[in-house]
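Chain naming here is simple, since letters A, B, ... match the order of the sequence lines and numbering starts at 1 in each. Here the structure is a predicted model, which means the values were calculated and not measured.
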Amino acid sequence: MTSLKPVRGTQDILPAESRLFRRVEETAFEVAERYGFGEITTPIFEFTEVFSRTLGDTSDIVTKEMYTFEDKGGDQITLRPEGTAGVARAFISNGLQQDLPLKLFYRGPMFRYERPQKGRRRQFRQVGVEILGVATPQADIETISIAQTFLEELGLKNNITLELNSLGDSASRNAYRDELVKYLSGHQDKLSKDSLERLTRNPLRILDSKDESDQAIVVNAPRLQDSLNDASQSFFEDLCEGLYKLGIAFEHNTNLVRGLDYYCHTAFEFTTTDLGAQGTVLAGGRYDGLVGQMGGSETPGIGWAAGVERLTLLLDDGVEAKRPIVVIPVGGEAESEALVVTEMLRKKGYRVDLGYSGNLKKRMKRANQLNAAAAILLGEDELTRNVGTLRDMDSGEQKEVSLETLEDHLAPYK
RNA sequence: GCGAACGUAGCUCAACUGGUUAGAGCACCGGCUUGUGGUGCCGGGGGUUGGGGGUUCAAGUCCCCUCGUUCGCCCCA
């Protein structure tokens, strides 16, 4: 019996919910195209190395969250836990450095072996964008503004906040990291257990620890923004000014960080308070070191990814299916003619349903459940006169129409 | 991976301190209405109470294990 349940952290998405997912993904894609992005589709699994090398051997994603297996040929394979690594790999594999700058959009399932919660699944869907080959804040501004437009068009701007920070370039960042570790090492006795581990693995993360004792120590810690060098400082200022000119509101959260080594400069998150601990709905940052680290030529990059499930949870009004026209044969003799009429209308672009069985009453009920806009009744006596009865399902009004001119009466129902 | 709560029909929920055959609303199916849906009335199907074990004369109810969901932590979208 357990085998008839979906695997933990996976779910079936039925038609009503699928419409919500499609709305999110289609909106993202449509906005991305408007901003000049092209869609890229990479495999949902890669050689494990693609992720382990880019995400770092110590990151949680690599150490405990990847679905990794050996295939029948003995290769180590991993179901992708995120989208950027695969895009970077595809960029190198396909020699796309000659096409820079590149603006890419992707969508599809990701896999992480985690404890499921609301808005957190083991198989989940993301949409995301990447801009490769632009080292200036122009790309950062565009990346954030496409995100903003996307969320706005989903109708979500009211309960979502944009948090923004700069990690500085690698020189600034490394200098700060050393300074922070030096400071925190003096307070090891008061750090939480989690943060003690982070101290060696991922010290910047301690800045946004939720532990109260940690926060008390962090308050007096050296500040990230104070160690930004001039170049990093002006990069961030240019970004802020660009956002300001576009009317994009944000909060400068100086404790917002990214753990992985290749991140630099811009880090941002769009968050909501409506989803508990899974409040991050869209997040991204600049990753100038990534492509180089994978073995490609040094190529700056910036991008974001958004969780489709989380976004659908914020869209509580459902998406109605489009209203069909239903063709109803009355009596067995009419069935074959009904099929012909149905097929003719479908080929002309109408959304038409023809039930498989049942008397008139049942078929009318079914039409009502489908939220049909109109029904076309074809009875034997009508067919001898080559007409049908067109019924408006909202008003209940009916009229006989000639089958030859049927389409002339259907415009309101297309 | 750690901590906690919860699992009764397709859905939302009942069932007094353990006590006959586990109920209701919605949904579904049929009838009132053999060429007319959405409202109404009448009837019907549907449950190994997540699964397994234990205590008891008796378990949906108590205990253990397991699976799942939810909340928090870790981490992230």
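- The NZ-P distance, from A:Lys193 to B:C75, rounds to 12 Å in whole Å.
- Within the shown strands, nothing qualifies as a pairing partner of B:U48 under the Watson-Crick or G-U definition with both distances less than 3.5 Å.
- Within the nucleic acid shown, A:Glu269 has no heavy atom closer than 4.0 Å to any nucleic acid atom.
- Regarding A:Asn359, its CG atom lies at a distance of 13 Å from the C1' atom of B:C29, rounded to whole Å.
- Rounded to whole Å, the separation between the P atoms of B:U61 and B:U56 comes to 16 Å.
- A:Gln369 comes within 4.0 angstrom of the backbone, heavy atoms only, and of no base.
- A salt bridge links A:Glu25 with A:Arg125; the closest basic N to acidic carboxylate O contact falls under 4.0 Å.
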Test A:Asp169 against A:Ser172 for side chain to side chain donor-acceptor pair (under 3.5 Å), laying out the working first. CA-CA 5 Å; A:Asp169 57 20; A:Ser172 300; 2.9 Å; yes
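- One donor-acceptor pair, N or O on each side, does fall under 3.5 Å between the base of B:G37 and the side chain of A:Asn368.
- For B:U70 and B:G31, the C1' atoms lie 43 Å apart once the distance is rounded to whole Å.
- Residue-to-nucleotide proximity on RNA chain B shows that, of A:Asp211 and A:Gly284, the 5′-proximal contact is made by A:Asp211.
- Pairing for B:A4 goes to B:U70, judged as Watson-Crick or G-U wobble with the two contacts each under 3.5 Å.
- Residue A:Ala305 is classed as a sugar-phosphate contact, given heavy-atom separations below 4.0 Å to backbone atoms only.
- B:G30 is paired with B:C42 under the Watson-Crick or G-U wobble criterion, all donor-acceptor distances under 3.5 Å.
- Among the heavy atoms of the strands lying under 4.0 Å from A:Gly379 is at least one base atom, whether or not backbone atoms are also near.
- Among the heavy atoms of the strands, none lies under 4.0 Å from A:Met110.
- Looking at heavy-atom distances under 4.0 Å, A:Arg121 makes contact with a base.
- In terms of heavy atoms, A:Phe250 sits closest to A:Cys240 at CZ-SG, 3.7 Å.
- A donor-acceptor contact under 3.5 Å links the side chain of A:Arg120 to the base of B:C75.
- At a threshold of 4.0 angstrom between heavy atoms, the contacts of A:Gly119 include nucleobase atoms, whether or not backbone atoms are also involved.
- The partner of B:G60 is absent, by the rule that a Watson-Crick or G-U pair needs both atom distances under 3.5 Å.
- Ring-plane geometry between A:His252 and A:Phe236 is classed as tilted, the angle between the planes lying from 30 to 60 degrees on a 0 to 90 degree scale.
- A salt bridge links A:Glu26 and A:Arg107; the closest N-O separation between the charged side-chain nitrogens and carboxylate oxygens is under 4.0 Å.
- Taking 3.5 Å as the limit, the base of B:U36 and the side chain of A:Gln398 contain a donor-acceptor pair of atoms between them.
- Nucleotide B:C75 forms a pair with no other nucleotide shown, judged by Watson-Crick or G-U wobble geometry with both contacts under 3.5 Å.
- If you check distances only, the side chain of A:Arg363 never reaches the base of B:G37 with a donor-acceptor pair under 3.5 Å.
- Nucleic acid contact for A:Lys361: base, since at least one base atom lies under 4.0 Å from a heavy atom of the residue.
- With respect to the salt-bridge test (charged N to carboxylate O, under 4.0 angstrom), the residues A:Arg385 and A:Glu400 qualify.
- Among the heavy atoms of the strands lying under 4.0 Å from A:Glu382 is at least one base atom, whether or not backbone atoms are also near.
- In this model, the phosphate group of B:C67 is not approached by any side-chain N or O of A:Lys5 to a distance below 4.0 Å at OP1 or OP2.
- Counting non-hydrogen atoms under 4.0 angstrom, A:Leu282 reaches the backbone sugars and phosphates but no base.
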